[in-house]
Amino acid sequence: MPDRAFGRPAEAGTTGTAGPARVLVLVYGIFALAAGSRATVQLATRFAEAPVAYLLSAFAALVYVVATVGLARGARGRRTALAAIGVELAGVLVVGTLSLADPAAFPDETVWSGYGRGYGYVPLVLPVLGLLLLRRTGRGRS
Amino acid sequence: MTLPLVVAVTVVAALLTGLGLASTAAGRRIGLVHLAGAGLLLALLLVQAVLAVVAMAGGDTPADTPTFLGYLAGVVLIPVAGVLWAQAERTRWAGTVLAVAAAAVGVMVWRLLQLWEATGA
């Protein structure tokens, strides 16, 4: 009965990185979806107001989609994921710094503005977790 | 879109997040308790969606209607996707998957409320 209520014991292999990797894929998926929908709405309804910020939103969304796909493919998508997450980390650092240094250039928020403060700084933490995971999986294979 | 409903959604989402993390910590997959929590969360979100659509039909529309509708529909899909994904997950990380989905819902409802209150009227 407790198994029915609280879940059966998990299968073996719980020490590997497969589970955490899938959790990360989910978080990346949510961000790809969130950033993608936001960029679509921004570009479709008020592109002229802040073209730079909105194009950046769209670019960020694309990076999240590529990273999600790369992570979801596991070992085969490793290089794709690595490249996308690298771009993501650079993006959040550069855009975060620029948006604080020159707020006038970013009249509307992007995912990466202020190092992702509009999203609870998750955009800043996410690439670090991603790179750590890729490092661990890489070590496991070699 | 009312504050009490948003608070109720947040409380249920937070409980579900805790339950999910607990089952990961305990090395278990998800069980009926998690499904019940997700079901309750989904029910609250559906009530919220219906109330919002009724209010909008009555002419009370938020300033940024496309974004609002996107969130309104998206937030309903997340617990469903979370449960399907967590059920397919055989390792102890099933609970964490559900926890992430619930946490996302908890954040999104506040963004929804924010969008709703930025009404033109």
Side-chain angles (χ1 to χ4, degrees), chain A residues 1-47 49 54 57 61 64 68 71-72 108-109 111 116-123 125-126 129 133, chain B residues 17 19-37 62-75 77-79 81-108 110-112 114-115:
Chain A
M1 187 54 202
D3 277 7
R4 264 174 69 86
F6 297 109
R8 279 170 286 156
E11 287 186 2
T14 50
T15 51
T17 50
R22 267 181 297 241
V23 173
L24 205 62
V25 170
L26 175 68
V27 181
Y28 265 99
I30 292 176
F31 264 85
L33 201 68
S37 348
R38 182 175 198 172
T40 309
V41 169
Q42 287 175 337
L43 289 175
T45 59
R46 37 176 200 274
F47 175 66
E49 282 175 34
Y54 295 158
S57 282
Y64 282 119
T68 308
L71 286 171
D108 202 350
E109 297 266 303
V111 206
R117 67 178 160 205
Y119 292 81
Y121 294 100
V122 175
V125 178
L126 209 49
L129 291 179
L133 182 88
Chain B
T17 305
L19 274 173
L21 293 177
S23 73
T24 294
R28 287 178 176 275
R29 296 167 64 176
I30 61 165
L32 287 177
V33 170
H34 301 84
L35 293 183
D64 194 352
T65 308
T67 309
F68 180 78
L69 285 178
Y71 269 89
L72 198 63
V75 81
L77 295 179
I78 289 185
V83 164
L84 291 178
W85 193 324
Q87 288 245 288
E89 180 64 58
R90 286 151 170 251
T91 68
R92 65 194 169 110
W93 294 94
T96 304
V97 167
L98 198 59
V100 168
V105 169
V107 172
M108 278 177 79
W110 287 95
R111 178 83 184 116
L112 257 176
Q114 203 181 14
L115 285 166

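No experiment lies behind these values; they were computed from the predicted model shown. Protein chains get the first letters and strands the later ones, always in sequence-line order, with residue 1 at the start of each.
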Let me know if A:Ser37 has heavy atoms under 4.5 Å from chain B in its side chain, its backbone, both or neither. neither
Under a 4.5 Å heavy-atom cut-off, does chain B meet the side chain of A:Ile30, its backbone, both or neither? side chain
When you look at B:Thr67 and A:Gln42, which way does the side chain to side chain contact (heavy atoms under 4.5 Å, CB included) test go after all the steps? CA-CA 9 Å; B:Thr67 309; A:Gln42 287 175 337; over 6 Å; no
Taken to the nearest 0.5 Å, the spacing of B:Thr96 OG1 from A:Leu24 CG works out to 12.0 Å
Just give me the residue among B:Asp64, B:Val107, B:Thr24 that pairs up with chain A most often, heavy atom to heavy atom, under 4.5 Å. B:Asp64
A:Val122 portion near chain B, given a 4.5 angstrom heavy-atom threshold: neither
Could you check if a side-chain atom of A:Leu26 sits within less than 4.5 angstrom of a side-chain atom of B:Trp93, using non-hydrogen atoms only? no
Crowded around A:Arg46 CZ? As in, over 12 foreign heavy atoms under 6.0 Å? yes
Just wondering, do B:Ser23 and A:Phe6 contact through their side chains at under 4.5 Å, heavy atoms? no
Would you give the length of the straight line joining atom CD1 of B:Ile78 to atom CG of A:Leu33, rounded to the nearest 0.5 angstrom? 7.0 Å
For the backbone of A:Ala10 and the side chain of B:Arg92, can you confirm whether one donor and one acceptor N or O come within less than 3.5 Å of each other? no
Looking at B:Gly27, B:Ala101, B:Ala36, B:Pro66, which makes the most heavy-atom pairs under 4.5 Å with chain A? B:Gly27
